[in-house]
Amino acid sequence: MALFIAVDVAPELARDSASARKLAEVCPVDIFKASAGKLEVVEKNLDECTLCELCLAVGKPGQVSVRKLYDDGARLERRA
């Protein structure tokens, strides 16, 4: 269970194999894993997040967001 960070990914983005691969590729701490053409969030790695925001650039604005659980759930997300 993550203590500091939660990641939300829109279902349509998580089902897209190209986007799943891209998320797995850009994350420096392996929070995302592309498995069987779908995205898997690796829960045990969530608190390793460096808030680099590389994942936010994948997909359309708002499809990936990072919630700071230590900051009342403040969201990081790409805006249009």
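S19 and L13 get closest at one heavy-atom pair: OG-CD1, 3.2 Å. Nearest heavy-atom pair, E77 versus R79, reported as atom, atom and distance to 0.1 Å: OE2-NH1, 3.0 Å. In this structure, L56 and S65 approach most closely via the heavy-atom pair CD2-CA, 4.0 Å. The minimum heavy-atom distance linking L3 with L69 is given by the pair O-CB, 3.7 Å.
Judged by distance alone, the side chain of D47 and the main-chain N or O of F4 form a donor-acceptor pair under 3.5 Å.
In terms of the side-chain contact (heavy atoms from CB on, under 4.5 Å) criterion, residue partners of T50 (sequence neighbours excluded) are, by chain and number, P28, V29, C52. Partners of L51 by side-chain contact (heavy atoms from CB on, under 4.5 Å), not counting sequence neighbours, listed by chain and number: I5, C49, V66, K68, Y70, L76. Applying the side-chain contact (heavy atoms from CB on, under 4.5 Å) test to V42 and every residue at least two apart in sequence or in another chain returns K33, K44, N45.
Using a 4.5 Å heavy-atom threshold, the side chains of V9 and F32 count as touching. Counting only heavy atoms from C-beta outward, the side chains of P61 and R78 approach each other to under 4.5 Å.
Around atom CG of D72, no more than 12 heavy atoms belonging to other residues, nucleotides or ligands sit under 6.0 Å away.
With respect to the salt-bridge test (charged N to carboxylate O, under 4.0 angstrom), the residues K38 and E40 do not qualify.
Here CG of L54 is found 10.5 Å from CD of E25. Values are rounded to the nearest 0.5 Å.
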